[in-house]
Amino acid sequence: MKCELCNTRAASIKRPKNQMAVCKDCFYLVFEEEIHHTIVSNQLFQPGERVAVAASGGKDSTVLAHVMTTLNKRYDYGLELQLLSVDEGITGYRDDSLETVKLNQKTYDVPLTIVSYKDLYGWTMDQIVKVIGLTNNCTFCGVFRRQALDRGAMLIKADKIVTGHNADDIAETVYMNILRGDFFRLHKCVEIMTGKGDALPRCKPFKYTYEKEIVMYAHFKKLDYFSTECIYSPNAYRGYVRELIKDLEKIRPSIIIDIIHSGESIKIDTTNVSFPKKMNCI
Ligand code: SF4
Ligand code: ZN
């Protein structure tokens, strides 16, 4: 079968996003161009900004570093890109994945800063788990991680943080928030840029990028990434939602984007709704 885009080369990939049969070269191009379109149409960056690329060594952040450096050069965004990693202190997981980030740093020739829970809070995740046991680990770790990224970004005087959250992650979060009736978070989770007026906005250039395509891109481009799951990660609830979406995807490939669009379109009559007030940490 010929590639449906160039009509010249043999098709070797069926795009999970729209089932189009394409050759590798056309796949790379449309994959990158769609992300470029997301960046430009949402005005994610301004020339001259220093952007911290949250890098964990996993597939999403590795592809993010690759695509951001590629597009920054190709379209002359004028961004100063830096890699920023958080070391949660999880033996056998994060120490290994950070080695991948160090490899990426050499490949893309951008500065790398690593901030650790141990230095910032005096505790590693391994020590926290010893105290609290193997439950709710992500609840603690998620809060620490968020703040660690902010502190790291402030340290390197970044203007923005980009994260590798992909369309599947966002669709799962939309679904979870609907199931929980958490409309405050539902609105927030579909925003492509959060904290717009704050000192450190966060952007998600992969908001409409399918996870399967990120894996394909990393695989065909032979990018170095770390694919082991965190040992404290079993997040049963998200896992069920993920399975549910995967089942729906079998009969309707556009379901991931459909769910994101639903999250964007749902409007709430706020007359009788009280949203949680923002409070300071006690
Ligand atoms: Fe932390 Fe959970 Fe991520 Fe592991 S999976 S690094 S515990 S947030
Ligand atoms: Zn082609």
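In listed order, ligands and their atoms are each counted from 1.
The existence of a salt bridge linking Arg238 and Glu243 is excluded, since no basic side-chain nitrogen approaches an acidic carboxylate oxygen closer than 4.0 Å.
You'll find the ring centres of His36 and Tyr75 inside the 6.0 Å limit. Ring centroid separation for the pair His37 and Tyr208 does not come in under the 6.0 Å cut-off.
Of the N and O atoms on the side chains of Thr69 and Asn72, not one donor lies less than 3.5 Å from an acceptor on the other residue.
Numbered from 1 in the order shown, with element, the atoms of ligand 1 that lie under 4.0 Å from a heavy atom of Cys141 read 1 (Fe), 6 (S), 7 (S), 8 (S). Near Cys230, the atoms of ligand 1 lying under 4.0 angstrom from a non-hydrogen atom of the residue are 4 (Fe), 5 (S), 6 (S), 7 (S).
For atom 5 (S) of ligand 1, the closest non-hydrogen atom of the protein is Ser233 CB, 3.5 Å.
Here the angle centred on the Zn ion (ligand 2), running from SG of Cys3 over to SG of Cys23, is 110°, rounded to 10°.
In this structure, Glu88 has a heavy atom closer than 4.0 Å to ligand 1.
Remark: Asn7 CG is packed, more than 12 non-hydrogen atoms of other residues, nucleotides or ligands lying under 6.0 Å away. No more than 12 heavy atoms of other residues, nucleotides or ligands shown are found within 6.0 angstrom of NZ on Lys188.
For atom 3 (Fe) of ligand 1, the nearest protein heavy atom lies 4.0 Å away or farther.
With a 4.0 Å cut-off on non-hydrogen atoms, Cys138 touches ligand 1 through its backbone as well as its side chain.
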